[in-house]
Visitor: 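Mind looking over this structure? Questions follow.
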Amino acid sequence: MDAVPGSVGTGASFSLRLGQTVFSSASLLFMSVGVEFYSYTAFCYLVTVMGLVIPWSFTLALVDGYSVLVKCPLRQPGILAIIVVGDWVLSLLTLAAACSTASVVDILLHSDSSYCPSKLCRRYQISAAMAFFSWFLSFASSLFNLWLLPSL
């Protein structure tokens, strides 16, 4: 069977994984620059999830890069099933973290009294946006891998 674009071991998958790593790192960086993120559980949750997504995506980017270089795509059902489950779990966790962070920032910005300075809240908004971008790429790669799994 031909390789599904975006599935493990293809150049498109390498690009998706690299994008996930970059956006997750940016989200973690923007959230962690301000030391006040620990005051809100949603922000701590985002930092924890991004701390899980970064090594996962980077490791799979390395696997994809190696597969592209040696021109040998990964087509073992057991390994692919583990990757699909890991992608789906981390994708759901990333979406939950991005949504909760965005909602807390919205509440902080629209409350009567200012709970966070605008510069700090803007940084939190950027972090939530980067988490949404990371989720979108993670969801796309999980769909591509799920599409490939039944054909093996």
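The analysis underlying the following values was restricted to heavy atoms, covering all of them including side chains, and did not include hydrogens, waters or symmetry mates.
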Visitor: Is there a donor-acceptor contact under 3.5 Å linking the side chains of S127 and S27?
Guide: yes

Visitor: If we only count heavy atoms from C-beta on, is the L93 to Y45 side-chain gap below 4.5 Å?
Guide: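 Yes. Closest side-chain heavy atoms under 4.5 Å.
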
Visitor: If you count heavy atoms of other groups shown closer than 6.0 angstrom to CZ of F133, is the number above 12?
Guide: no

Visitor: For ring-ring contact (aromatic ring centres under 6.0 Å, His included), just list the numbers for F139 and W88, CA-CA rounded to whole Å, side-chain angles, deciding distance to a tenth of an Å, and then say yes or no.
Guide: CA-CA 7 Å; F139 185 67; W88 277 98; 5.6 Å; yes

Visitor: Given side chains that start at C-beta, do those of S91 and W135 come closer than 4.5 Å, heavy atoms only?
Guide: yes

Visitor: Looking only at side chains, do S13 and D64 share a donor and an acceptor under 3.5 Å apart?
Guide: yes

Visitor: Would you say the side chain of F43 lies within less than 4.5 Å of the side chain of S100, judging by non-hydrogen atoms?
Guide: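 The answer is no; the side chains never approach within 4.5 Å.
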
Visitor: Is there side-chain contact between F14 and L60, with heavy atoms separated by less than 4.5 Å?
Guide: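 No, every pair of side-chain atoms sits at 4.5 Å or beyond.
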
Visitor: Within a reach of under 6.0 Å around CZ of F136, are more than 12 heavy atoms found that belong to other residues, nucleotides or ligands?
Guide: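 For F136, atom CZ is not crowded (no more than 12 foreign heavy atoms under 6.0 Å).
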
Visitor: Just grab all the ring pair (Phe, Tyr, Trp, His ring centres under 6.0 Å) pairs involving residues 48-74, residues at least two apart or on different chains.
Guide: none

Visitor: Grab the two heavy atoms, one from G19 and one from L137, that are nearest each other, plus how far apart they are.
Guide: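 Of all heavy-atom pairs spanning G19 and L137, the closest is C-CD1, 3.5 Å.
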
Visitor: Minimum heavy-atom separation for V47 and S32, please, with both atom names.
Guide: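 Smallest interatomic distance, heavy atoms only, reads CG2-OG, 4.2 Å.
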
Visitor: Test: salt bridge (charged side-chain N to carboxylate O under 4.0 Å, His left out). Region: residues 79-95. Which pairs qualify, not counting sequence neighbours?
Guide: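 Qualifying pairs, neighbours excluded: R17-D87.
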
Visitor: Just jot down the side chain to side chain donor-acceptor pair (under 3.5 Å) partners of S57, sequence neighbours excluded, or say none.
Guide: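 If we apply the side chain to side chain donor-acceptor pair (under 3.5 Å) test to S57, skipping adjacent residues, the hits are Q20.
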
